[in-house]
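Bear in mind that the values here come from a model prediction, so they are computed numbers and not experimental data. Reckoned from all heavy atoms, side chains included, excluding hydrogens, waters and symmetry mates. Below, chain A is the first sequence line, B the second, and so on; all start at residue 1.
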Amino acid sequence: MNPCSIMPSWALVLAVLLPALAGAAGKDAAKVSAQELLGLIDKRMSFTSDYKGTVRMREIRKDGVERALEMLVYRRDKTKDLLFVLTQPRSMAGGGYLRVDMNLWEYNPLVGQWQRSTRRANIASTITCESDFDRSRLNEDYTAKDDGVESVDGTSYRKLLLTARPGVDITFPMLRIWVDPDNNIVKRIGYSPSGRVLRTDIIRSYQRLKDPSSGELVYHYKEVLEFEEEEGTKIVVHYDDVELAPLSPNIFTKAWLEGRNR
Amino acid sequence: MLALLRIALRNLFLQRERGLLLFTVIAGASAVLVGVMSLRTGVAAAQREAVTTFLSGDLNVGGFFKLHPDTISPVIGDARPVRALVEPLVPAGCHLRERGRGRVTAGAGRHRTRSYVVSLDAAKEGDSLRLFKVKEGALERLDEPRTVALSTQLAERLHVRVGDVATLFSRMVGGKQNAVDVRVVAITGRAGLLGESSGILVSNTTLRELSGYRAEAAGSLQLTCGAETDVDSLGDTLRQSLRKAGFELLPASHEAFGDKLEPLLREGWAGQRLDVSTWEDESSFLAFVTLGLAALSALVGIIVLAIVMVGLFVSLNVAVRERTREIGTLRALGMQRPSVVGMFVLEGLLLGLTASTTGACVASALCVLLRDALPLPEAISNLFFSGTLPLEPRPLEAVLAVLLITLGAGIASIIPAARAASLSPRSAMESL
């Protein structure tokens with residue numbers, strides 16, 4: 001997919017939103033190496049507090065069929081805990097996903113059973129996956145190299161080509177990202193090992209939050225457009241009602257999710 | 001007799017146009033019959049090759065394990081004692097291999113597809129790996145951990161290529177669902193309907209991890225012997241030996257292991273049961289292809305015979321009417337009625353034999369020339385287990401076609417011959 005073909009639509013959005021996020025760090029972006037830039041991005045998007053948020057997704061298929069989903073995301077980055085609880089649609093409500101160590105478990109409330117899934121598997125039969133809602137781990141998972149600079153409407157975007165480190169279990173073994181002068185990823189394309197485009201994401205907007213634990217400002221996605229070209233499916237993901245506050249450790253257990261359904 | 005043969009031959013040459021037309025019709029009919037029979041044989045051979053390559057040995061010792069009555073896994077929990085018992089019984093020239101089997105769902109991105117899985121030990125299989133038609137990648141790489149080879153059909157359905165990652169989902173021994181990410185290392189060529197139904201190949205280690213089997217577990221022990229071996233008697237010997245050794249065996253049934261899962265799940269027992277099956281049992285769900293072609297051959301045979309018989313009957317009837325004078329003369333010269341019948345029947349038999357032999361020879365030669373040369377559309381190639389037209393002419397079948405048509409020609413000429421013989425010399429002479 002030619003990234004230039006979709007530039008004008010999102011460039012306008014970025015031109016309006018991104019100046020607000022501009023900071024001193026951005027001015028040094030061009031000077032840091034590609035790998036250091038990944039570290040900067042990860043740092044800007046990492047919380048020390050626990051995280052709770054509502055993810056609302058609207059999936060539009062090629063044939064025009066639309067589907068809306070809503071799920072709660074609970075995250076504790078310190079212990080790498082992660083839990084998704086599906087709340088909408090009603091037919092899927094009560095189900096969820098729990099990460100335990102390197103395994104992702106899927107809960108089916110209809111039969112009350114947990115099924116082992118993998119971290120690459122899609123969430124709730126959409127084109128999203130676990131890593132979309134987890135903390136940013138670019139520096140840990142990928143080695144980066146510069147892939148040039150692309151200018152759109154006077155703004156230069158640094159392009160990086162990321163290749164997965166050996167032995168790392170990730171959805172996209174290759175990733176190409178576009179980073180704006182403020183170190184925000186504005187676009188990313190995930191590739192399969194054979195070089196096929198798996199998914200294209202446009203990060204339409206970010207939200208700025210204050211991490212109560214560290215007292216620093218952190219950045220989190222607000223609206224992301226994910227697009228699977230092959231199937232012609234696109235999904236708009238909204239990250240709403242984000243709360244950075246301590247969560248009960250009981251949340252990250254199978255019993256807690258099972259208990260919600262009783 | 002020799003005189004009758006000479007007269008019949010002369011008559012055939014005298015009526016050149018009619019004779020040539022009949023010759024062409026009979027030769028064409030014979031060629032069609034031989035062609036259909038070659039196709040049936042070719043498809044059966046291609047099916048056997050595909051089945052014994054992908055799915056089954058010529059003879060299999062498999063098993064079903066039920067941890068509790070509500071779950072079932074197609075596995076021998078501890079294959080060591082079974083192997084120790086089977087190995088000494090393997091006839092010379094046969095090989096024993098360990099293959100796993102099961103049912104999984106393969107997924108990549110949003111695409112999911114359900115298929116039977118076959119597991120093998122790539123390092124030990126050696127030569128038999130070459131029987132797989134590999135389109136892309138290398139099957140030897142199945143030895144690497146967490147790898148998979150997919151059939152062309154499944155790879156297309158999942159939209160994956162060599163190097164991509166897919167996920168396999170399967171039910172474990174206890175009934176829980178498990179999933180493993182696997183890297184695609186090879187894409188196998190089209191293997192007929194098996195590409196759709198059994199298009200996933202993994203290593204035995206990967207299947208053990210996915211299904212939660214112990215290291216000493218094995219899906220099945222398969223004997224590969226070749227077409228000459230009497231697998232039924234060998235199967236009986238194995239059954240008796242296993243029973244004598246104290247193993248519980250399922251009764252022999254003409255069903256694939258996948259078709260046995262559901263009925264066995266409904267049974268109330270728990271534990272291990274062994275099952276001895278032949279390649280024909282394991283491919284029973286594909287029998288409709290060979291049965292269909294056999295029915296087609298029979299239908300073509302009937303039509304061909306009808307055409308030959310009706311053609312000859314009409315033609316000889318006309319000949320009798322035209323040759324009344326000749327018959328009268330012959331009768332007046334002292335030819336007896338049986339000799340007249342013999343003359344006409346011999347004419348029909350001669351025509352049938354020469355024409356059908358020519359047709360069979362031409363068809364056999366064409367089948368040899370066109371074998372594996374004519375590409376087939378996808379739907380038909382799936383049904384025929386081959387990307388090209390699988391023709392396998394056999395001399396015995398050609399001889400059978402010739403005999404059948406010659407016999408038909410002989411029968412068709414009896415009534416006109418009897419009519420000719422029934423003419424009195426006087427009435428024959430009167431028509432002069």
Side-chain donor/acceptor pairs under 3.5 Å, residues 166-174 of chain B, sequence neighbours excluded:
| unit_1 | atom_1 | unit_2 | atom_2 | d |
| --- | --- | --- | --- | --- |
| T167(B) | OG1 | D181(B) | OD1 | 2.7 |
| R171(B) | NH1 | G175(B) | O | 2.6 |
| R171(B) | NH2 | Q177(B) | OE1 | 3.2 |

Taking side chain as everything from C-beta outward and backbone as N, CA, C, O, which of these in [X] sits under 4.5 Å from a heavy atom of chain B? Side chain, backbone, both or neither.
X	value
E106(A)	neither
N103(A)	neither
L198(A)	neither

Quiz item: What are the two closest non-hydrogen atoms of S117(A) and A179(B), and how far apart are they?
Solution: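 Residues S117(A) and A179(B), closest heavy atoms: CA-CB, 3.8 Å.
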Within a reach of under 6.0 Å around [atom1] of [X], are more than 12 heavy atoms found that belong to other residues, nucleotides or ligands?
X	atom1	value
R114(B)	CZ	yes
K145(A)	NZ	no
K66(B)	NZ	yes

Quiz item: Taking the side chain as C-beta and beyond, is there a heavy-atom pair between Q115(A) and K176(B) under 4.5 Å?
Solution: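 Q115(A) does not reach K176(B) side chain to side chain.
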Quiz prompt | Polar side-chain atom of D164(B) near backbone of S194(A) as donor-acceptor pair, under 3.5 Å | solution =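 Yes.
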Quiz item: Do side-chain atoms of R116(A) reach the backbone of V180(B) as a donor and acceptor pair under 3.5 angstrom?
Solution: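 Answer holds: no.
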Quiz item: From R146(B) CZ over to T118(A) OG1, what is the distance, rounded to the nearest 0.5 angstrom?
Solution: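 Going from CZ on R146(B) over to OG1 on T118(A), the span is 9.0 Å.
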Self-check item: Toward chain A, the part of H159(B) with a non-hydrogen atom under 4.5 Å
Solution: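 Contact with chain A involves both backbone and side-chain atoms of H159(B).
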Exercise. Answer with side chain, backbone, both or neither: which region of V162(B) has an atom nearer than 4.5 Å to a non-hydrogen atom of chain A?
Key: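 Just its backbone gets close to chain A.
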Quiz prompt | Contacts of E255(B) that satisfy salt bridge (charged side-chain N to carboxylate O under 4.0 Å, His left out) - sequence neighbours left out | solution =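 So E255(B) forms no salt bridge (charged side-chain N to carboxylate O under 4.0 Å, His left out) with any residue.
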